[in-house]
Enquirer: 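One structure, pasted below without further comment.
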Amino acid sequence: HVQLVESGGGPVQSGGTLRLSCAVSAYSPASNCMGWFRQGPGKEREGVAAIGSDGITRYTDSVKGRFTISKDNAKNTLYLQMNSLKPEDAAMYYCAADPTKSYCSAVYWTTWSRYFYGGQGTQVTVS
């Protein structure tokens with residue numbers, strides 16, 4: 001069955017860097033929209049970044065210029081490079097894939113329920 005497994009989270013100091021990975025198995029998301037979401041304590045899950053098969057990327061305003069989403073289709077892996085981390089970036093980070101779309105809709109990319117597959121998350125702590 002399809003699995004998305006996130007890794008790369010952990011504790012980091014403010015201003016630091018982390019690179020999250022999302023390994024996908026039993027499914028090739030190369031032709032689909034994939035995204036990163038996060039959920040902090042007491043907060044709703046929010047879309048952080050997304051990338052479509054066309055290479056077009058989308059970011060929430062708070063991470064623009066600091067985070068970069070990318071993917072390696074040969075490895076079926078999605079990445080999120082996070083630089084200049086801030087305490088407000090602390091959250092559980094989840095990856096997701098939408099097998100029904102080759103692009104990430106400008107309207108719906110931030111909606112978790114629009115993605116068919118999702119991972120269990122990796123925790124990012126910023127102090």
Side-chain angles (χ1 to χ4, degrees):
H1 63 284
V2 176
Q3 281 190 309
L4 280 66
V5 179
E6 302 92 340
S7 62
V12 64
Q13 290 188 337
S14 182
T17 295
L18 280 177
R19 188 194 195 201
L20 305 184
S21 299
C22 171
V24 183
S25 60
Y27 159 60
S28 177
S31 300
N32 299 136
C33 174
M34 293 196 73
W36 284 99
F37 287 75
R38 66 186 180 188
Q39 187 167 17
K43 298 181 180 179
E44 292 187 356
R45 192 169 301 191
E46 66 168 342
V48 176
I51 184 168
S53 63
D54 51 9
I56 292 177
T57 56
R58 304 193 184 279
Y59 298 93
T60 191
D61 287 345
S62 64
V63 307
K64 286 180 180 178
R66 300 188 298 121
F67 291 11
T68 302
I69 188 171
S70 63
K71 59 181 180 175
D72 186 330
N73 292 331
K75 295 182 178 180
N76 275 2
T77 302
L78 180 72
Y79 301 101
L80 185 67
Q81 178 69 41
M82 305 189 296
N83 300 331
S84 303
L85 281 160
K86 304 176 181 180
E88 52 262 44
D89 294 318
M92 184 72 81
Y93 282 72
Y94 303 87
C95 65
D98 182 356
T100 67
K101 294 288 189 295
S102 61
Y103 64 94
C104 298
S105 164
V107 176
Y108 296 117
W109 76 267
T110 57
T111 304
W112 174 260
S113 61
R114 292 278 181 167
Y115 292 76
F116 197 78
Y117 300 122
Q120 294 300 306
T122 184
Q123 182 70 46
V124 172
T125 304
V126 185
S127 59

Enquirer: Can you tell me how far the NZ atom of K64 sits from the OG1 atom of T57, to the nearest 0.5 Å?
Expert: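 Those atoms lie 9.5 Å apart.
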
Enquirer: Please examine the side chains of I51 and L78, heavy atoms only from C-beta on, and report whether any two atoms are closer than 4.5 Å.
Expert: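 Yes; the side chains approach each other to less than 4.5 Å.
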
Enquirer: In the single-linkage hydrophobic clustering (I, L, V, M, F, W, Y; side-chain heavy atoms under 4.5 Å), do Y117 and V5 co-cluster?
Expert: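 Different clusters.
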
Enquirer: Under the side-chain hydrogen bond (donor to acceptor under 3.5 Å, both in side chains) definition, can you give me all pairs with a residue in residues 40-52, not counting sequence neighbours?
Expert: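 Listed once each, the pairs are R38-E46, Q39-R45.
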
Enquirer: Rounded to the nearest 0.5 Å, what separates atom OG1 in T125 from atom CG in L85?
Expert: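 With rounding to 0.5 Å, OG1 (T125) is 11.0 Å from CG (L85).
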
Enquirer: Could you measure the distance from the OG1 atom of T100 to the CZ atom of R114? Nearest 0.5 Å is fine.
Expert: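 T100 atom OG1 to R114 atom CZ measures 9.0 Å (nearest 0.5 Å).
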
Enquirer: Closest approach of A26 and V2, non-hydrogen atoms and distance?
Expert: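 Shortest heavy-atom separation between A26 and V2 comes out as O-CG2, 3.6 Å.
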
Enquirer: Mind jotting down which residue pairs meet the ring pair (Phe, Tyr, Trp, His ring centres under 6.0 Å) criterion with at least one end in residues 36-91? Sequence neighbours excluded, please.
Expert: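 Ring pair (Phe, Tyr, Trp, His ring centres under 6.0 Å) check on residues 36-91 returns F37-W112, F37-Y115.
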
Enquirer: So does T122 get a backbone contact from the side chain of E6, meaning a donor-acceptor N/O pair under 3.5 Å?
Expert: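 Not confirmed, E6 side chain does not pair with T122 backbone.
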
Enquirer: Provide the full list of disulfide (SG to SG under 2.5 Å) pairs with a residue in residues 30-94, sequence neighbours left out, each pair given once.
Expert: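 Disulfide (SG to SG under 2.5 Å) check on residues 30-94 returns C33-C104.
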
Enquirer: What closest approach, in Å, do S28 and N76 show between heavy atoms, and which atom pair accounts for it?
Expert: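 Of all heavy-atom pairs spanning S28 and N76, the closest is OG-OD1, 3.6 Å.
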
Enquirer: To the nearest 0.5 angstrom, please state how far the OG atom of S70 sits from the CG atom of L80.
Expert: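 Those atoms lie 8.5 Å apart.
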
Enquirer: Is there a side-chain contact between M82 and V12 in this structure, where contact means two heavy atoms from C-beta onward sitting under 4.5 Å apart?
Expert: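 Counting from C-beta outward, M82 and V12 never come under 4.5 Å.
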
Enquirer: Is it true that a side-chain atom of S102 and a backbone atom of S53 form a donor plus acceptor pair closer than 3.5 Å?
Expert: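 It does not hold such a pair.
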
Enquirer: Can you name the nearest heavy-atom pair linking W109 to A50, along with the distance?
Expert: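 For W109 and A50, the tightest heavy-atom pair comes out as CE3-CB, 3.6 Å.
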
Enquirer: Tell me, yes or no, whether the heavy-atom count around Q123 atom CD, taken from other residues, nucleotides or ligands under 6.0 Å, exceeds 12.
Expert: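 Count over threshold, so yes.
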
Enquirer: Find the distance between OH (Y93) and CG (L18) and round it off to the nearest 0.5 Å.
Expert: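 The distance works out to 9.0 Å.
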
Enquirer: So which heavy atom on L4 is nearest to which on A97, and how close?
Expert: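 Minimum heavy-atom separation between L4 and A97: CD2-N, 3.9 Å.
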
Enquirer: Between P99 and F116, which heavy-atom pair has the shortest distance, and what is it?
Expert: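 Between these two residues, the closest heavy atoms are CD-CB, 3.3 Å.
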
Enquirer: As an exercise, state the distance from CD1 of I69 to CZ of R58, rounded to the nearest 0.5 Å.
Expert: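 Reported value, rounded in 0.5 Å steps: 11.5 Å.
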
Enquirer: Is there a side-chain hydrogen bond (donor to acceptor under 3.5 Å, both in side chains) between Y108 and D98 once you walk through the steps?
Expert: CA-CA 11 Å; Y108 296 117; D98 182 356; over 6 Å; no

